[in-house]
Amino acid sequence: MKFGTKAIHAGQEPDPTTGAVMTPIYQTSTYWQASPGKHQGYAYARGKNPTRSALEKCLAELEGTRYGLCFSSGMGATDAVVKLLRPGDEVITGDDLYGGTYRMFTKVFEPFGLKFHFVDMKDPAVIRKHVNSKTKLIWLETPTNPTMQIIDIEACAKIAKEFKLILAVDNTFASPFLQNPTNLGADIVMHSVTKYISGHSDVIMGALCVNDEKLYTDLAFIHNSCGATPGPMDSFLVLRGVKTLHIRMERHCFNGRKVAEFLKTHPKIDKLYWPGFPDHPNHDIAKKQMKDFGGMISFSLKGNSQEEAFRIASSFKVFTLAESLGGVESLVNHPATMTHASIPKAERERAGIVDSMLRLSVGIEDIDDLLIDLKQALA
Ligand SMILES: *Cc1c(COP(=O)(O)O)cnc(C)c1O
């Protein structure tokens, strides 16, 4: 089956007890047992819930993996991956990470004796240089947030195989529609389901998708033991949202391209970050590993004035000034003071996140209205 058919049907057979076409919201914490330990596959809902199981199957199919696990947030999913490690282990990761991931790595896990190397992952040789006998995990994000760098997943997978490391890819920005990291050799795909997969800005959720049975068993153990599992209502909302992922993504990509083309020639724009332009540093890799280039675009202003960026951010009529991304509605965000405020200024600026940078999550509204809005806000 192809992507759109899977998005609508995978894991979602009519309910066996009633024939309900939509997977019911199994709002229960516990399940009847005929005799101690004799149940129908469900004992306690932290471990398993049928609504969540349906979604986990669907997401696994969309990523092309054998197993899926849903978490109560994207951070909950990332947390479970790091808990595969032990004190003294080392991780190689990017220098342009989601701010919350950077915060978790440095503030939560470094004190537990893990070491993180934040490196420029655009060059696989830099990654290779940081591998030593303690390295256990490569964690990458592509496209990165907010500077839309493209990391070569296949090249990283080669290094991971050579040194027997786990390669985990945060696939949130691309969504499973545009990119499937396990097909390129990654071991774990992580999603903030909150974003494109859910698509309607009404749920916080995360997911992990894997092929290896041992890895799945270890992650499922952490999932149940540590308990960052989502409830059935949220699982239902995401099952509803994911059914239109393929058509939403097509429109995000179409609108994204039009907005990027408009900004490219705008006199106020200094740098523009979008992987669809042939002059983007890793455009060829983006073309190789992604189906299209998505609706995430960042730019900075000539003169680099934060005041000017604030003025623009506050004068949109269709774009909403808010954190997050990937919903049907267009959003604008000021990374330096909003999504990336937890990253020290010097490190932020090294990654190109300057004070005048704005990040757009281009939604699926009518493109004419989005372009009119951009024109007036930038005027
Ligand atoms: C939002 C986001 C996360 C965190 O996910 P939550 O669902 O907010 O916990 C991780 N990575 C990326 C790239 C994100 O955009």
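Every number for a ligand or one of its atoms is a count from 1 in the order of the listing. As a basis for the values below, the full set of heavy atoms in this structure was taken, side chains included, without hydrogen atoms, waters or symmetry mates.
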Salt-bridged, [X] to [Y], with N to O below 4.0 Å?
X	Y	value
E56	R52	yes
D366	R251	yes
K264	D279	yes
D218	K214	yes

Q) Counting only N and O atoms by type, is there a donor-acceptor contact under 3.5 Å from the side chain of S361 to the main-chain atoms of G326? A) yes
Q | Donor-acceptor under 3.5 Å (Q289 side chain, I151 main chain) | A | yes
**Q.** For ligand 1, the residues whose heavy atoms come within less than 4.0 Å (ordered by chain, then number)
**A.** S73, G74, M75, Y98, E141, D170, T172, F173, M190, S192, T194, K195, M205, L325
